[in-house]
Amino acid sequence: MNSAARRDFIIKELEENHTVKILELSRQLKVTRETIRKDLYFLEKKGIIKKVHGGAVLEITNQETDYEKRKNEFHDEKAIIAKKAASYIEEGDTVYLDYGTTTLALAKEIVKMKNLTVVTNTIPIVNLLLKNKTINLIMPGGIVRNNESSLYGPFASNNIKEIYVSIGFFGCSGIDMERGITSHHTGENLVSKEMIQHSQTTVILADHSKFGTVAFNRTATFDQVDIVITDRPRNKEEQQQLTQQGVELIDGSEEE
């Protein structure tokens, strides 16, 4: 296989898995690790990928895609994650649902439950949960972000100081073994960081496309996280790294 074919293979792997490892590519392509490193350096210079320790991730911009578009992306995967996440909620719990479309998928499961208190600053989640009269809804409030139908800012932060929940569910824009949990919007991210501090149990919801990617703002380090729920098995290296930091990695596609 020539260099062009190798690089096409690497890009395809990144598009499917969003992260690659030098050692695995070396074995798959039956070339030396140094050859793979040269391919990665070439692709990085072209602005296609970003080299990280031991491998590479797709280069991403700091711009989010439209909320309505994101709702339809990885729809089945988000449903898998949501069903697993819902199994951690018990009647009488106080629950925080963070920004994002995966937490909206979880709200579709929560609306079937009863006798919960749900805190959220996402208007689509509020509109969905209003249908269930047994759910006590709390919105910290704040500045309206029109394109996301969310609220953030100092007013939200001030109200959050008085709120504590038994379990908080947080989406993300990226989850990287070195950089932790990251998100795009600075204002929303500040609210997320504060609610992580106010959640007895912190759960990150991340479909497979989020792994190996890094957004602009760090939301949390892994020592602040209890559980990560995703939609398909992750590699052993990621599992070991998370376990070593006290994080439980859950594959929502696994049957009980």
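On a predicted model such as this, the values are computed, not experimentally measured, just so you know. Position 1 is the first residue of the sequence; numbering continues from there.
- Note that CD of Gln200 is 10.0 Å distant from CG of Asp226, once rounded to the nearest 0.5 Å.
- Ile110 places a side-chain heavy atom less than 4.5 Å from the side chain of Leu97.
- Residues Val119 and Pro140 form a side-chain contact, since some pair of their non-hydrogen atoms from C-beta on lies under 4.5 Å apart.
- Residues Val228 and Leu106 do not share a hydrophobic cluster, clusters being chains of Ile/Leu/Val/Met/Phe/Trp/Tyr side chains in contact below 4.5 Å.
- Between His198 and Tyr164, the distance separating the two ring centers is shorter than 6.0 angstrom.
- Side-chain contact check for Cys172 versus Ile204: some heavy-atom pair is nearer than 4.5 Å.
- At least one donor-acceptor pair under 3.5 Å links the side chain of Arg218 to the backbone N or O of Arg179.
- Using a 4.5 Å cut-off between side-chain heavy atoms of Ile, Leu, Val, Met, Phe, Trp and Tyr, with links allowed through other members, Met139 and Ile160 fall into different hydrophobic clusters.
- Around the CD atom of Glu91, the shell of radius 6.0 Å holds more than 12 heavy atoms that belong to other residues, nucleotides or ligands.
- Asp207 places no side-chain N or O within donor-acceptor distance of the main-chain N or O of Lys78, the cut-off being under 3.5 Å.
- The shortest distance between side-chain heavy atoms of Asn132 and Leu129 does not fall below 4.5 Å.
- Pairs of residues two or more places apart, or lying in two chains, that qualify as side-chain hydrogen bond (donor to acceptor under 3.5 Å, both in side chains) and include a residue from residues 22-34 are Thr32-Thr35.
- Remark: Lys51 NZ is packed, more than 12 non-hydrogen atoms of other residues, nucleotides or ligands lying under 6.0 Å away.
- Transitive grouping of hydrophobic side chains (ILVMFWY, heavy atoms separated by less than 4.5 Å) brings Ile89 and Leu128 into a common cluster.
- Between the CD atom of Glu188 and the CD1 atom of Ile143 there is a distance of 11.5 Å, given to the nearest 0.5 Å.
- Rounding to the nearest 0.5 angstrom, the gap separating the CG atom in Leu43 from the CD1 atom in Ile11 is 5.0 Å.
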